[in-house]
Undergrad: 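Mind looking over this structure? Questions follow.
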Amino acid sequence: MDLGVFLRTYRRKWVVPVALLAASVLGVFLYQQVFGLKESVAQVAVLDPLTSRPGAYTQAQITFDSIINSQELAIRVGQRLHRDPASVRGHLSVSISPSLQTYNASPVYAVYATDKTQDGATALANAAVEEGRLLYIELNTPDPEALKQALADQRKQAQADLDTAAAAFAAFLRKYNAVDLEPRIGKLRDTVSSLRLAAIQARADEKAAYAAGDSSLGWAAHQRAASLDASAATQQANLNKLLALEIPYGSLAANIQVAQTRVNQLRDYELGTLTGEQLPLAASIKIVDPARPNSHQLITLLTYAIGIFVGALAGATVIYLLALMSREPETAEEIGHAFGAPVLGRIPAGPVWVVRGGQN
Amino acid sequence: MKTQPLSADAAVERITFGRSMGEGPFIETFRLLALHLEQMLRRTPSKSILIMSTQPGDGRTTTATALARAMCESQKPVLLIDADPFGTRSGSASALTNGDGLARSQHNGHSLLHRYRPRPELPAAAFINDVAEAISAAGPLDMTAIIDTPPCLNSSIAFGLAPKVGGVLYVARPGTRRRPPHGEIRAQLDLLGATVFGVVVNEA
């Protein structure tokens, strides 16, 4: 479509886009009045026990954001504010406030609450933060008796594991007669080495005797070397049998070591718990900022901007369609432009010009 | 070529209905148009103007008649040729004559307005040649020929005559339905080697 036609239609039908623009702005205004909610935000800092005592044995922590989004919190806040828990849950949200730290184990949570009134939003945010804090402490604080029982159970299990490993080791020793396996292996290695060295010496003596022409002495040396080789072979066979037991022997011994270490750790922790040194930390949670109104100015401006854009776009679309469907007569300029010649004259409208009975 | 005498004043009075052509924006438009065209005709070998349009009712005859009248007012002799063999012999053109042939009008004792109408029963080629001869005949008499043609979307007479005249005056009426193919018509005229003077837009 010719841009001139579009602009001309726009100029003639300017009321249409203006009306659509006004309608869209009015629509946004009504939307803001009917559905627009006020928002308040509160800041809550949650200190992670792992951060304060790295490496310590701690129970799993239930995170604060999970608690804010929980139904239990909605019920508690609803009871506190005399509201329906479903509406409470739908008007609460939580996010972590940005931090310059790459990893922040103790985050600051921002709890958002929306309501039709600013006071309502603020009250909801404060109630959610307070109830959330209580629920967080309640859920994350350890029970000493439960802890002791859990430790006893774990130590019992560890002791059972140790006993099992020791029994398996003992059975292995009995079955293969592997008591003092490593010293025996060392002793046998020494014996085999001595026998082989003695056999080498006997052969050297044999060669020397034959070289000196003493054949009887040479034969005796030969007999001794053969006897030493046979003894070395026998001891080597015994050594090989013991070496085959070395790997399972080491594995069973290591199992005993691991089980023993676990038993020792639990015993130490249980002792520390009894003396109050290693109790898991009670959850630490602090309200940094009570609820305060959260400005929605930017979102409101964006909403109006979108409304204006949509209204203008709708107006332009309607004008485009009107221009497409319009039966506007050509102008003299358009005819001249289309014909490619100047307009030399225009027969003016005015008093009726009637040609009597003519075609033209 | 037959001629019949005719009073110019009487003719003009007969082609208008309900008002006078003597003064007012209507005739002033054609007086100005006549001035433009007289200037343009000085640069053409033939002092002839072909009036063409696309459809019936565009105002060709009105333009031709009023233009002839405006030129007569400036003491220029005019030959008005009715080259529409299909149209009824009525209306403003027929108001200038009572039959075929060249009609002569008198104005203050001078012969200024003449009309020629070829026989409509002639074949198209002969019809065009007849009109061309009338145009040629008007030249030595120092007459400006104004040729009123049938709608060019219905007849090729206008295109056939276009290369034989000094220039073409295209009449168009702004329409609200289908827009005439102005560009294509202009392209055809250019292909035929016709000179285009300009456009008259009938806004009446």
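As a basis for the values below, the full set of heavy atoms in this structure was taken, side chains included, without hydrogen atoms, waters or symmetry mates. Residue numbers start from 1 in every chain, and the chains themselves are labelled A, B, ... in the order their sequence lines are given, proteins ahead of strands.
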Undergrad: Shortest non-hydrogen contact from A/Ala332 to B/Val201?
TA: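 Scanning both residues, the minimum pair turns out to be CB-CG2, 3.7 Å.
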Undergrad: Can you pull the side-chain hydrogen bond (donor to acceptor under 3.5 Å, both in side chains) pairs that have at least one residue in residues 180-192 of chain B, sequence neighbours excluded?
TA: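 Every side-chain hydrogen bond (donor to acceptor under 3.5 Å, both in side chains) pair that includes a residue of residues 180-192 of chain B, provided the two are not neighbours, is A/Glu330-B/His182, B/Tyr170-B/His182, B/Arg186-B/Asp190.
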Undergrad: Going by residue number, which parts of residues 337-344 of chain A are within reach of chain B, meaning a heavy-atom gap below 4.5 Å?
TA: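 Residues of residues 337-344 of chain A touching chain B at under 4.5 Å: A/Ala338, A/Phe339, A/Gly340, A/Ala341, A/Pro342, A/Val343, A/Leu344.
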Undergrad: Return the set of residues passing side chain to side chain donor-acceptor pair (under 3.5 Å) with A/Glu72 (not counting sequence neighbours), or none when no residue passes.
TA: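 Once residues adjacent in sequence are excluded, the partners of A/Glu72 under the side chain to side chain donor-acceptor pair (under 3.5 Å) criterion are A/Arg76.
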Undergrad: Quick check for you: among B/Asn202, B/Leu32, B/Leu189, B/Ile185, which has the greatest number of heavy-atom pairs under 4.5 Å with chain A?
TA: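 It is B/Asn202.
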Undergrad: Would you please go through residues 192-200 of chain B and name the residues with a non-hydrogen atom below 4.5 Å from one of chain A, in numerical order?
TA: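 Checking residues 192-200 of chain B against chain A gives B/Val196, B/Phe197, B/Gly198, B/Val199, B/Val200.
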